[in-house]
2 protein chains.
Amino acid sequence: MTFVLVVDDDPAMRRTLSINLRARDYEVETAGDGRSALQVVEERMPDVVLLDLGLPDLDGIAVLTQLRSFTQVPVIVVSARSESDDKVEALDLGADDFITKPFSIEELLARVRATSRRVGREEPDLVVEVDGLRLDVTDSRATRDGAEIHLTPIEWKLVEVLARHRGRLVRQAELLTAVWGPAYDTQTNYLRVHLASIRRKLEADPSRPVLFVTEPGMGYRFTAG
Amino acid sequence: MTFVLVVDDDPAMRRTLSINLRARDYEVETAGDGRSALQVVEERMPDVVLLDLGLPDLDGIAVLTQLRSFTQVPVIVVSARSESDDKVEALDLGADDFITKPFSIEELLARVRATSRRVGREEPDLVVEVDGLRLDVTDSRATRDGAEIHLTPIEWKLVEVLARHRGRLVRQAELLTAVWGPAYDTQTNYLRVHLASIRRKLEADPSRPVLFVTEPGMGYRFTAG
DNA sequence: CGGCGTCTTGACGCGATCTTGGCGCCGGTT
DNA sequence: AACCGGCGCCAAGATCGCGTCAAGACGCCG
C-alpha cells in the first residue's frame, strides 16, 4: 500500500484529499504546516508527499528545500498560482511533479500513481566504470582498482554535473553556477584549477585527459559510455 | 539487505523475478512448489514472500494458511486470475498485499518495498562485526571482545543512520535531521562532538578513524565490509 | 538536595581546501 | 613573426572545516 503525506493549510482540502486517497487504498497522513510536514517525513518516510505551496509558517519552497537536504522522497507540488515561475523553481529544487489548483481528483490520482511508479523504478545509481576506475556519484565514492580516491566537495559537485550530462557538452556558466551559485565571478580560473585536480586524481594520464575533455571557449565534456 | 522468497511453479518466472530483485540488491531464494516453500520459510525466514497462487502440489491458498499457522512473515500474493474472490480470500487469510498477472517489475518492486517497510523496519539483522567489535543496531547493543560498550541515545541514532547507509556518504543535513529534527541549528558542532565520542568508544584508534570516516564539507561515511 | 550521566556551547589549533595571481604553452589570427 | 585569447600548471596565502578540550546546563534518580 502506498503511503501519502498531504501537506495543506486548508483543513477542508486535507479532508477531501484524505477521503479520496483512502478510498483508493492509499494510506494517508496529513500536515497543516511546514514544520509538522518535515517532522512526519523524517519520522515515517512517506512514499509520496503532496505539498501545497501556500503554507502559514514556512513557505512551501522552503519546506521543499529542507526536505531535499535529507531525503529523496518524491514530492508533488500543489499550487494555487499557475505562475510558471513557481513551477520552474519547484522543479529546480527537486520536486517530481507539479499541479495547479483547481484540479480534479482524477488528475491528482493519476499524478500520484505516475510519480510513485516512476520512483518505483529506483533511478539506477549513477555509476560509471572505466578501466579500473569506478565513480559512484550517488554514494560519493571513487575507487581505482579498489583503492579509495578522495575528492573534495567542489570536485564532487563538478564531477556530478558532468556525469549527469554524460557525453554532452556542459557550459562553463552551468558548472560555475552549480558550485558557486548564479552570482559567480566571471573573471576567475576556478574551473581550470579544480578540473586540473580532478584530472590528477581520476585520469590515467592527467596530462592527456580522456574522461574530462576541454571544449575551448565553451566548457567541458565527460566521456563515458 | 532484504531477503525475498519467490514461490512460483514457472521456472521462467522464477528466473525473471530473481534477476530483477537481485539487480536491486535483494537476496533471493526461489521455490517451485508449496512444500519446499514452507521449508524455506521455516529454515531461513525471509523478509518477504512472493506467493503465486497456482502451484502444482498444494494450492497457494493452502500454503498461505499453513504459513500463517506459524509465522507473521509478510506475504504478497501473486495471481493470474484477477477474480476479486481470490483477492478477498487471500487477504482474509493474512496476505499483506495482492498483485495480479501480468504486472510490471516496477509495480512488484514497489509493493515489495512497501510491504517490507510497512511490516516494520525488519532490516534483517543490522549487525556489523569488525575485529572484536560487534554492533547490533536493531538491539542497540555494542560489544568489544564480549565486553559491553555503552552508547548514549544520540550516539546510537547516528550510528544507526550511518550503518543503514553503510559505505555510502551520509550528508550532515541527514544526520542532523535524524537526531535533532528538520529544524536543526545549522551553526553548531553537534556532529563533531558526538562523532568524537562515538569514535572514542568504537574505533580501535580514535585518533585514526577507520570505521567512521569524515568527508570534509559533506558528511560522514561508515565503512564496513 | 546532591550526584551522575548526557548534552550543549564556546574557544582553540591544525590541516585540508579553496582562492588568487602569475607563468608558459598552444593554436589561431593578424 | 608577433600577437592574443584560452587553457594547464604551480605555489603561496587565506579561509574553512574538523577534532579536541573543558566548562556549564540539563534532566534523572536516589
Side-chain angles (χ1 to χ4, degrees), chain A residues 69 140 142 148-160 162 169-181 183-222, chain B residues 140 142 148-162 169-181 183-222:
Chain A
S69 72
S140 293
E148 284 279 342
I149 304 179
H150 179 76
L151 297 191
T152 72
I154 288 185
E155 286 159 14
W156 267 121
K157 193 67 192 169
L158 291 174
V159 168
E160 181 188 331
L162 286 166
L169 166 70
V170 183
R171 309 200 151 268
Q172 298 171 346
E174 189 172 347
L175 291 169
L176 287 165
T177 307
V179 177
W180 292 273
Y184 59 86
D185 188 348
T186 328
Q187 213 55 327
T188 60
N189 50 9
Y190 291 147
L191 287 183
R192 293 187 279 163
V193 173
H194 289 287
L195 258 296
S197 54
I198 288 175
R199 284 169 174 155
R200 203 176 317 122
K201 294 176 182 177
L202 299 183
E203 292 277 1
D205 178 0
S207 67
R208 213 153 296 153
V210 176
L211 296 172
F212 299 89
V213 183
T214 304
E215 300 284 355
M218 321 218 29
Y220 293 83
R221 181 197 310 278
F222 178 64
Chain B
S140 292
E148 282 281 340
I149 303 178
H150 176 73
L151 297 191
T152 71
I154 286 185
E155 286 159 14
W156 268 122
K157 192 67 192 170
L158 292 173
V159 169
E160 180 188 332
V161 176
L162 286 166
L169 166 71
V170 184
R171 306 201 152 269
Q172 297 169 348
E174 191 170 344
L175 291 169
L176 287 165
T177 304
V179 178
W180 292 273
Y184 59 85
D185 187 350
T186 327
Q187 212 58 333
T188 60
N189 51 9
Y190 291 146
L191 287 183
R192 294 186 279 165
V193 174
H194 290 286
L195 257 295
S197 52
I198 289 175
R199 283 168 174 156
R200 206 174 315 123
K201 295 175 182 178
L202 299 183
E203 292 278 1
D205 178 359
S207 68
R208 213 154 296 149
V210 176
L211 296 172
F212 300 89
V213 182
T214 303
E215 298 285 355
M218 303 193 288
Y220 292 83
R221 184 197 309 278
F222 179 65

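Chain identifiers are assigned alphabetically (A, B, ...) following the order of the sequence lines, protein sequences preceding nucleic acid strands; residue numbering begins at 1 within each chain.
- In this structure, B:Ser197 and B:Glu155 approach most closely via the heavy-atom pair OG-OE2, 3.0 Å.
- Panel note: side chain A:Lys201, backbone A:His150; a donor-acceptor pair is recorded below 3.5 Å.
- Between atom CZ of residue A:Phe222 and atom CG of residue A:Leu169 there is a gap of 14.5 Å, rounded to the nearest 0.5 Å.
- Within the 4.0 Å cut-off from OP1 or OP2 of D:dG17, not a single side-chain nitrogen or oxygen of B:Gln172 is found.
- Contact of A:Asn189 with D:dG6 (side chain to base): no donor-acceptor pair of N or O atoms is detected under 3.5 Å.
- Remark: P of D:dC7 and CZ of A:Arg199 are 10 Å apart, rounded to the nearest angstrom.
- Between A:Thr214 and D:dG8 there is a side-chain N or O to OP1 or OP2 distance below 4.0 Å.
- Ranked by how close their nearest DNA chain D nucleotide is to the 5' end, A:Gly219 and B:Gly217 are led by A:Gly219.
- In this structure a side-chain-to-backbone donor-acceptor pair under 3.5 Å is present from B:Arg221 to A:Ser140.
- Taking atom OH of B:Tyr184 as the reference point, atom C1' of C:dT8 lies 18 Å away to the nearest angstrom.
- We find that CG of A:Leu158 is positioned 11 Å from P of C:dT19, with the value rounded to whole Å.
- In this structure, the side chain of A:Glu203 engages the main chain of A:Val210 through a donor-acceptor pair within 3.5 Å.
- Contact annotation: B:Thr188 does not reach the phosphate of C:dT9 (side-chain N/O to OP1 or OP2, under 4.0 Å).
- Summarising the geometry, the separation between CZ on B:Arg192 and P on C:dC12 is reported as 14 Å, rounded to the nearest angstrom.
- To the nearest angstrom, P of D:dC9 lies 15 Å from NE2 of A:His194.
- Distance from the side chain of A:Ala196 is smallest to D:dC9 among C:dT20, D:dC9, C:dC7.
- Distances shown here put a side-chain N or O of A:Trp180 below 4.0 Å from the OP1 or OP2 atom of C:dT19.
- At whole-Å resolution of the value, CD in A:Glu203 and C1' in D:dC9 are 15 Å apart.
- In this entry the distance linking CD1 of A:Ile154 with C1' of C:dA16 reads 12 Å, nearest Å.
- Along DNA chain C, the nucleotide nearest to B:Lys201 and the one nearest to A:Val193 differ in position, and the one closer to the 5' end is contacted by B:Lys201.
- Applying the 4.0 Å criterion to OP1 and OP2 of D:dC18, one finds that B:Tyr220 has every side-chain N and O outside that range.
- Here A:His150 reaches the OP1 or OP2 of C:dT17: one of its side-chain N or O atoms lies under 4.0 Å away.
- Here D:dG6 presents its C1' atom at 14 Å from CG of A:Leu176, a figure rounded to the nearest Å.
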